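Here's the structure we're looking at; comments come further down.
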Amino acid sequence: MHPAGLQLTPGIFLPMSEVKAVIVKFALHRFQVRMISVSVKVHRPNSRSTITQVTQNAIIFVEHSFNMHWTSHYFSCELWGKNSGNGYRMKSWDAIVIGAGHNGLVNACYLQRAGLDVLVLEKNDWIGGAATSRSLTPGFLYSNCSYVCSLFRPEIMRDLELPRFGLQVISYEGGAVFTQDGDYLANYRDHHAHRREFARFSPRDAEAYDRYARDVTRQCRFIQPLLMRTAADPTSFRPRDISELMYLGKKFAGLGATEMADTLRFWTMSISDFLDEYFETDVIKANFALSGIIGTALGPMSPGTAYVLLHHYMGEVDGSVGAWGYARGGMGAVTKALAASFEASGGTIRTGVEVDHVLVKNGSAKGVVLVDGEEIQGKMVVSNADVKRTFLKLVEEKELPDIFLRRVRNFKMRGSSGKVNIALDSMPEFPALPKDSPVYRGDMHFTDSVERMERGYDDWKAGRWSADPFLDMVIPTTLDPTMAPPGKHFMSCFVQYCPPKVEGKEWTDADRDAFGETVISQIADYSPGFRDRIIHMEVRTPRELEAEVGLTEGNIFQGELTFDQLLFNRPVPGYAQYRSPVGGLYMCGSSTHPGGGVMGAPGRNAAAEILRDLSRGTKHMSPAHDVI
Amino acid sequence: MKHSDPKKLLMARAASQDHFRTPRIASPFQPRIEALMQTEEWYDWAGYKAPLSLWDEELEYFAIRSQAALFDISPMVKYRIEGPDAEAFLNRVTLRDVRKLKPGRVHYTAWCNDEGHVLDDGTLFRLTSDRFRLCSQERHLPWLLDSGIGFDVNIIEETKSIAALALQGPASFAVLRDAGFNGVDALKIFDLAEFEHDGENVTISRTGFTGDLGYELFVDQKLALSLWDRLWQVGEQRGLRAIGYAALNRARLEAGLIVANSDFITAEHAIRADRVRMPDEIGLGFMIDMEKPHFNGRRAIQQARANGGLRHVLVGLEIEGNIPAEHAIVYHQGKREIGLVSAAIWSPMAKRNIALASLERPYGDTITGDLWVEIYAMRELRYQKLMKRAKVVPRPFIKLDRRTANPPADF
Ligand SMILES: Cc1cc2nc3c(=O)[nH]c(=O)nc-3n(C[C@H](O)[C@H](O)[C@H](O)COP(=O)(O)OP(=O)(O)OC[C@H]3O[C@@H](n4cnc5c(N)ncnc54)[C@H](O)[C@@H]3O)c2cc1C
């Protein structure tokens with residue numbers, strides 16, 4: 001039986017409400033299914049029906065609040081674009097991606113390679129979003145936002161041939177925390193050097209490191225395989241979701257009773273409590289705690305921060321799990337290679353075009369309208385912008401269910417970080433370090449206790465930037481000769497905490513400069529003569545991050561990485577599978593599973609879901625590497 | 001390192017900053033070993049630059065079995081454990097009954113976490129009634145310190161400050177005697193005693209890792225070179241040679257001895273939950289003393305024994321042919337995969353092809369017939385795939401009377 005009475009006329013938009021009504025009736029009748037999303041594939045044209053002129057073997061998109069697997073039915077039609085019979089001929093893209101952040105580009109690459117005709121629209125004159133390299137002073141290239149690479153999935157690098165398009169990631173060596181008494185605690189890559197270094201502070205903690213590393217590795221191994229999978233929807237009874245839940249359950253059951261308990265604790269506890277179980281020395285705890293707070297509007301003593309640490313450990317550089325590296329040419333090299341790969345496969349990128357809103361007709365996305373009024377048609381729209389920007393700014397409220405809107409509004413993405421990029425005339429010196437120390441080539445920090453970190457967070461809660469901020473400072477030019485002239489250096493300082501508003505008021509330029517000064521003076525305390533080496537500086541507060549990168553509130557991960565906002569809850573329960581309440585409108589940014597960082601997994605996973613909806617093959621997408 | 005004066009503390013810390021330039025540190029014996037080193041084959045032993053071989057791995061092995069061999073064991077992890085409660089503490093932590101270990105004796109033991117999984121095996125030296133030395137492959141300071149809470153005991157890591165040598169082989173006693181260690185003949189197997197050296201003490205025990213007659217010598221690191229020279233001077237006449245780990249490894253396999261994180265994975269390093277092992281699963285069940293007061297892991301071990309919770313067994317295998325089966329898969333009836341060989345050699349002393357293997361029970365436990373190993377022997381860029389019959393045999397693979405003979409013989 002086909003849905004009776006449905007009239008399809010080529011060339012005009014199908015009244016979706018009509019389709020809905022018929023399908024709902026049909027569905028309720030025939031199957032007791034809960035409906036959430038997914039498209040309906042209809043084939044085998046039925047000559048007895050009234051739509052004989054409609055092209056064969058095409059696809060109907062149905063409003064996304066419906067979900068059913070409906071395989072053997074009788075219609076075939078194309079609703080939009082090229083094949084319509086009566087002269088409706090505006091160019092309609094197969095997919096429009098809003099935003100040329102790395103996830104938007106990864107998504108676009110995979111869709112284009114699947115044979116779709118894809119357009120990427122970027123509001124800035126440059127691409128990359130938070131993974132970009134720009135030259136703001138002659139001879140220097142900055143990694144303006146993100147600055148170190150580890151999370152980016154190697155499967156994606158290979159699928160999209162990024163090495164061929166110029167991407168190279170170089171592992172770097174350790175780093176250090178400077179202590180206030182003039183010493184430092186270094187992290188060395190060599191296992192024994194690492195232990196001896198810790199033993200300088202505590203022989204006990206030095207030996208405790210193995211157990212710590214084992215436990216963190218265990219947790220990473222549990223999480224890693226989930227990165228490249230669409231999270232199950234636990235509220236759905238679709239076979240796919242059930243089997244995904246079973247996969248999770250089986251993995252969990254495979255942990256053994258103690259590990260299971262450890263995992264649950266780990267996902268919810270504070271990084272400070274977690275570290276207390278292994279270490280007793282302040283500076284050693286501070287050394288690890290930093291990974292628990294980066295990009296997070298929480299202090300090291302807030303529950304949930306242990307998981308954030310994991311998020312920073314589950315990456316790799318060429319199989320060396322947990323290692324971090326520099327993208328040669330700055331983090332923009334990642335998106336530059338993606339863009340080159342995309343264009344080489346026939347994709348189109350337009351920069352300097354801001355999307356004003358998504359065109360929604362009858363509950364389905366039909367394209368976008370730019371700020372200058374230009375309308376662009378598309379059979380689907382994928383948003384790389386964060387979930388708040390996408391649904392609170394680019395889609396009209398009336399198109400969205402209340403509960404969804406409420407949850408998007410409540411999605412936590414509080415800005416907590418700033419960035420200071422510095423062009424240096426010469427290599428800074430840190431008298432605490434031996435001159436030939438490899439620490440210069442790694443990440444450096446000045447916060448030598450968890451207590452100090454927490455105080456820094458207290459300032460943030462009061463609406464101020466930390467008077468004694470936590471810095472993650474690197475000098476990529478020690479390994480990457482492409483970012484500064486010989487002998488000169490680019491220094492990147494990630495700064496925490498930095499509030500989205502200053503005591504409730506908008507940031508001013510004076511605030512920004514004072515914030516920059518706080519950072520410089522902290523560095524200068526440990527590096528005499530530092531100020532004299534500065535040639536140029538870019539100071540970025542959440543204000544700049546929001547205005548330039550489009551990160552709402554300046555949250556670097558497009559949403560905080562606490563467990564209530566991860567897996568099937570990211571960004572919103574029921575919509576964790578890259579689809580949205582609007583038909584044909586998908587999300588692919590860091591707001592989605594598995595979250596922020598230059599990882600590419602959200603963009604890739606979203607592409608897999610889209611292609612599934614289109615019944616297209618995904619052979620060009622490598623499955624996640626085995627974790628054995 | 002609990003200094004009270006922060007200035008002193010800082011100075012002590014700063015003084016050791018530049019260790020990063022030498023990630024492989026030198027043993028106190030390094031000048032002597034470097035002088036003898038010909039092959040330049042080194043390996044990383046717990047962060048030390050240690051010789052894998054010095055001149056010829058095979059001949060070094062024969063030096064152990066025919067003359068006497070000097071092997072530097074300074075990198076072995078050593079803890080000094082002392083205090084009124086030292087005995088009670090160690091009795092709580094380790095498997096064997098420490099009350100039965102008399103001063104002047106050594107025993108081979110192991111210790112477990114609360115789940116009964118082996119953290120390590122090692123040797124416990126009872127120097128006096130309240131002073132012990134625990135030697136092991138891995139590091140355990142946090143575990144020992146945490147376990148020591150409530151005991152009046154002091155635990156100090158002394159790996160770096162104590163230099164140690166293994167003097168092994170049929171002529172080892174003669175070397176010691178000729179070097180003037182009077183009374184060393186009185187040492188029975190697993191005895192230890194203090195001897196005079198350069199006005200200080202050297203602890204000599206009749207222990208070793210070769211299954212042969214042999215001794216181990218422990219001395220303050222500043223006396224290391226003079227001790228070496230003292231042995232070397234008289235040793236040359238008896239064919240004393242310095243050896244590397246490769247030769248020692250052959251000897252220990254013949255002796256059927258296991259190496260942590262080589263033949264089993266220690267609990268603090270096992271990332272995969274199923275890789276941990278209980279003592280009964282790696283052939284150390286004999287150490288467990290259920291009669292003694294509570295010890296770590298006791299309840300779990302008891303439960304596993306009662307409820308069939310022991311899943312693995314470590315066995316000695318004798319394999320047909322002469323191709324070493326290192327890391328070969330073990331099969332039952334040539335089909336069913338039941339385990340893995342962790343170490344294997346052709347034994348020159350036994351003239352048999354021997355191996356240590358971990359098997360899944362009941363194989364190797366109640367089912368011991370019809371076992372096979374699959375050997376992939378790379379020969380000129382081609383794998384020769386061999387399916388060879390294997391037989392479970394008792395360890396050690398060789399038994400040398402001279403190891404335990406009293407008094408020890410000259411060779
Ligand atoms: C200061 C900072 C430091 C960081 N450091 C690191 C790091 O070292 N390592 C790491 O792995 N991660 C780091 N991160 C996090 C990481 O950079 C981000 O999580 C990631 O880059 C986000 O990528 P995305 O593609 O999901 O989104 P984005 O990069 O946010 O991309 C979204 C894109 O959409 C565009 N856009 C938005 N709205 C519109 C519109 N209406 N029309 C057109 N275009 C629009 C934006 O301009 C932007 O280009 C850092 C982030 C920041 C901000």
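Naming: A, B, ... by sequence-line order, numbering from 1 per chain. Computed from a predicted structure; not experimentally measured.
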Identify which part of A:Ala432 has an atom lying under 4.5 Å from any heavy atom of chain B, answering side chain, backbone, both or neither.
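Backbone of A:Ala432 only, per the 4.5 Å heavy-atom cut-off to chain B.
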Heavy-atom distances under 4.5 Å only: say whether A:Ile628 touches chain B with side chain, backbone, both or neither.
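The backbone, not the side chain.
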Results of salt bridge (Lys or Arg N to Asp or Glu O under 4.0 Å) for A:Asp273 - residues two or more places apart only
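None.
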Under 4.5 Å heavy-atom distance to chain A, tell me which part of [X] shows up: side chain, backbone, both or neither.
X	answer
B:His19	side chain
B:Glu268	both
B:Asp44	side chain
B:Leu144	neither
B:Ile271	both

Please check if the number of heavy atoms outside A:Arg265 that lie under 6.0 Å from its CZ is greater than 12.
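At most 12 heavy atoms, drawn from other residues, nucleotides or ligands, come within 6.0 Å of this atom.
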Could you check whether atom CZ of A:Arg214 has more than 12 heavy atoms from other residues, nucleotides or ligands sitting under 6.0 Å from it?
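Count over threshold, so yes.
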Between B:Gly47, B:Pro142, B:Ala273, which has the largest tally of heavy atom pairs under 4.5 Å with chain A?
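Counting heavy-atom pairs under 4.5 Å, the top option is B:Pro142.
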So which of B:Arg272, B:His140, B:Glu157 has the biggest tally of heavy-atom pairs under 4.5 Å with chain A?
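Result: the option with the highest number of such pairs is B:Arg272.
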Taking the six-membered ring for Trp, are [X] and [Y] closer than 6.0 Å centroid to centroid?
X	Y	answer
A:Phe274	A:Phe266	yes
A:Phe279	A:Phe288	yes
B:Phe125	B:Phe218	yes

Under 4.5 Å, heavy atom to heavy atom: which of [range] reach chain B? Give them by number, or say none.
range	result
residues 433-451 of chain A	A:Pro434, A:Asp436, A:Ser437, A:Pro438
residues 188-197 of chain A	A:Tyr188, A:Asp190, A:His192, A:Ala193, A:Arg195, A:Arg196, A:Glu197
residues 215-226 of chain A	A:Thr217, A:Arg218, A:Arg221

Could you walk me through whether A:Arg452 and A:Asp282 satisfy the salt bridge (Lys or Arg N to Asp or Glu O under 4.0 Å) test, starting with their C-alpha distance in whole Å, then the side-chain angles of each, then the deciding distance to 0.1 Å, before giving a yes or no?
CA-CA 10 Å; A:Arg452 272 177 77 194; A:Asp282 280 346; over 6 Å; no
